[in-house]
Structure formats: C-alpha cells, structure tokens
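These notes are about the structure you will find just below.
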Number of protein chains: 2
Amino acid sequence: MPPTSPATASPVGSTTYSAAQLRTATAALELFARHGVSGTSLQMIADATGVTKAAVYHQFKTKEAVVVAAVDVELGRLEPALDAAEAAAGDPDARSALLGEVIDHAVGRRRMVGTLQHDPVIVRLLSEHEPFQQFMERLFRALLGDRIDATARIRVAMVASAIGGVVTHPLVAGLDDAALRGDLLSLSLRFLSLPD
Amino acid sequence: MPPTSPATASPVGSTTYSAAQLRTATAALELFARHGVSGTSLQMIADATGVTKAAVYHQFKTKEAVVVAAVDVELGRLEPALDAAEAAAGDPDARSALLGEVIDHAVGRRRMVGTLQHDPVIVRLLSEHEPFQQFMERLFRALLGDRIDATARIRVAMVASAIGGVVTHPLVAGLDDAALRGDLLSLSLRFLSLPD
DNA sequence: GTCTATACGCGGATAGAC
DNA sequence: GTCTATCCGCGTATAGAC
C-alpha cells in the first residue's frame, strides 16, 4: 500500500516493497551470504547501495526488517513453482518438476542458499515468522507427496540438505552449472525412489 | 609447550591446549552453534565459563584464535576414525566404517555440525588455515576412495551435505538418535553405490 | 590464571534539514 | 528518499594489580 512508484516483488507474505526497498534487500542478501547476517552491518548495506545508513533506516524500521525482506524476496522466487506443484498435486510428475525447479534455483543462486538454510538469524526467523513457516510447510508437503512416515521425511530432509549444501561444496567448486544441475537432479530422483 | 597442568586434546594441528583453554573453546563452540561466530561476543564466552573477558584474552590472543581452537578440538574428534580408514585403505569396508563414524559424530554433535560446515567465518578459516585444509582433504580423499571423477565428487559432496544438514532439519526434529543414525547410514551407503 | 579498569571504534538507531 | 549529525551501548582489545 505505501509505495509511490514501481513497487514490484513476488513476496511470500502479502507485503509489497518500493524500488528502494528492493535494492536494499537484494544488496543485503548478497552481503548476508558472504558475511552472515550478524557479520553484516547496516553501514555495509548502505555502502553497497551507495546511500547512507539513515536512508536504509527510512526504508526499514530495523535491521531485522531488512533480513525479513531479503528472505521474503528470495523465497518468493520459488512461489510459482510451488503453486504449480500444488495445482498438479494428482500428477505423479508434479514432484519431479518441483524438485527440478528447486535444484535450478539452488544452482543458480548458489551463494544465497547456504545462508537461507543455515544462518542462525535466518533459521530463527524461518521458525518464528508465520508466513515463512507456512511457506516452508507447503514446500515440504509438496516434496513429500503422499508419504509422511519417518523414513520419507528423512529422505526429503537429506535431499533438501544435499541440494543446498552441494552447490557450495569445495569438492564441486570447479563444476559448471549445467553439469551440476544434471547430475543433481538425476541423483536426487533416484535417491528418492530407492526402495524401502 | 606452554601448559602447567593437565593439557589434553587431540587437535588437528600439533597445538596443545591448557585445561582453561579447552573449557573456553568448548563453551565457545556451543555459543557459535547457537548464535554464529559473528553473533557471539567474548563477553558471552566469558560469562559461559564464569570468568571475565580479560581471562579469555589471557588464554587466547584474539577472538579468531578462540575460533581456531574450537574448530581444532571439534575436528580432532574425527581424527582417530580417519587414521584408521587411511591405515585400512585397501579394505573395501574401510570407507563404510569411516562413513559410519562420521554419521555417529554428526548425529551425536547435531548442534555443532551446521556451524562447522556453513558459518562464514569458519568456512573462511577452513579454506585458509593450512592444518584444517589438509585435514579436510584427507577426509574427502578417504571418502572418495579410488574414484576422483566429477560424478563421484558430486556424490560425496551430496552425502556430506546431506548428513550435515539432516541432523538439524525441521522435518526430522522429532526423531531419536538411534533411528536417525540407522536410516542415515543405510541410505548414504545405498546412495553412494548407485550405478552410474 | 584471574581480576578491575579503561581505551576506542563501530554497532544499531533517531532527529531534523533538504 | 536521502542527507548530516548525534546518541548510546557493546564490540575487541590492552594495562597492570593480585
């Protein structure tokens, strides 16, 4: 409701962001990925966008609000794929398609993924902020499909962790995106369909 | 060479730590796991061990030195298993045994693993501090075995990430250690021996 | 090995002009 | 929306006594 001009974003919550807010959140996420949330100061964020701290504080009330926006925008990238998967819930290929999109996202945004999954501040946010909580629950439900037993949950958790971790792993540092994407999708699908 | 009394530890480097240093490093790692390295102050570490900041600064020159010690002590827990695996390099079961030990460690020390693998400060340390670099190389080489091609490296990286990530994953938050351990080992082994 | 005391800069955050 | 200026607390780190 607030913004004066462009005001885009496909956020997880219903919030909309001004162009300036979007620039800030994007730059912030990049810095969070490199230094962690706690290791990133508002001064660093301000410098990265070429404004002063006070300008950032005009866009967001607190540093925490910046973090929320950054996570919101990044998670929003998965929303279309998740919507599609839920719409095609009956189709047995729906899960594979969703997994493919998640892998594409993880490979393409390598540097961000580790932060989103493991930074202590973001982890806390993900478990406390309701829109994020609900989004993650939707995502995991779609990936689980019909099975909800312990073994299935371990598998999905392993695949999610493997995808998130492998893209920045030193062992595959030299690999190009295409090769990584291919192997990752094939191996993930075969892993998930391993017999009990 | 410095310590006056107990002086234990099985560190990755050749350093030895005094009893006070060990207490500090252990408490520090616990705090790093909860708040991240950057989110943990020397005051928090001092409070956790019941001494003052100045006492901590007597034990370690800088905060970075505390981080090194904490990582050193934690990685040292894997050293015996790695030594054994290297000694039995011919034995085809050596890798499975090592993987089992790694999984045991990851499950038993759940809270620490994510930090060791993903905290930006520790990641930087792991890639810059030579003893750590060499230790990680030994570990990955032992897990890879004879194969060193891209596909094999992706698999090992996926398993390592999966193990590290799953133990703190919300989807398996309710599971007890024993169940997690069993499924994790069986699934990891089957994943690694999937045909090309 | 631990303490009290202190230096100094940077962190988050606000006020008010343009 | 952005700026300059400022507040205050906490961060890392040091000096010197016990």
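Numbers restart at 1 for each chain; the letters A, B, ... are given by sequence-line order, proteins then strands.
Considering only side-chain N and O atoms, Gln21(A) lies nowhere under 4.0 angstrom from the phosphate OP1 or OP2 of dG1(D). Residue Ser18(A) places at least one side-chain N or O under 4.0 Å from the OP1 or OP2 atom of dG1(D). Contact between the side-chain N/O atoms of Thr52(B) and the OP1/OP2 oxygens of dT2(C) is not found at any separation under 4.0 Å. Contact between the side-chain N/O atoms of Arg23(A) and the OP1/OP2 oxygens of dT2(D) is found at a separation under 4.0 Å.
Computed from coordinates, the Phe60(B) CZ to dG1(C) P distance equals 10 Å when rounded to whole Å. Protein atom NE2 of His58(A) is 5 Å distant from nucleotide atom P of dG1(D), rounded to whole Å. Atom-to-atom, CG of Asp47(A) to C1' of dC3(D) comes out at 14 Å; the value is rounded to the nearest Å.
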Base-pair map of DNA chain D as dot-bracket, where | denotes pairing with a different strand and pairs are Watson-Crick or G-U under 3.5 Å: ||||||||||||||||||
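Sorted by first and then second residue, the pairs that involve residues 157-182 of chain A and meet salt bridge (charged side-chain N to carboxylate O under 4.0 Å, His left out), not counting sequence neighbours, are Asp104(A)-Arg181(A), Arg110(A)-Asp177(A).
Listed for the Ser186(B) side chain is no donor-acceptor partner under 3.5 Å among the backbone atoms of Gly182(B).
When the side-chain contact (heavy atoms from CB on, under 4.5 Å) test is applied to His35(A), the partners found at least two apart in sequence or on another chain are Leu31(A), Thr40(A), Met44(A). Scored by the salt bridge (charged side-chain N to carboxylate O under 4.0 Å, His left out) test, Glu130(B) finds no partners at all (sequence neighbours excluded).
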For a quick test of your reading: what N or O donor-acceptor pairs under 3.5 Å do the side chains of residues 80-94 of chain B make, sequence neighbours left out?
unit_1: Asp83(B); atom_1: OD1; unit_2: Arg138(B); atom_2: NH2; d: 2.8
unit_1: Glu86(B); atom_1: OE1; unit_2: Arg138(B); atom_2: NE; d: 3.4
unit_1: Glu86(B); atom_1: OE1; unit_2: Arg138(B); atom_2: NH2; d: 2.9
unit_1: Glu86(B); atom_1: OE2; unit_2: Arg138(B); atom_2: NE; d: 2.9
unit_1: Asp91(B); atom_1: OD1; unit_2: Asp93(B); atom_2: N; d: 2.7

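Salt-bridge annotation for Arg155(A) and Asp149(A): absent, with no side-chain N of the basic residue lying under 4.0 Å from a carboxylate O of the acidic one.
Phe140(B) has its ring centre less than 6.0 Å from the ring centre of His169(A).
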I'd like to compare against my own output: the B/S/- annotation of nucleotides 11-18 of chain D with a strict under-4.0 Å heavy-atom distance to protein. SBBBB---
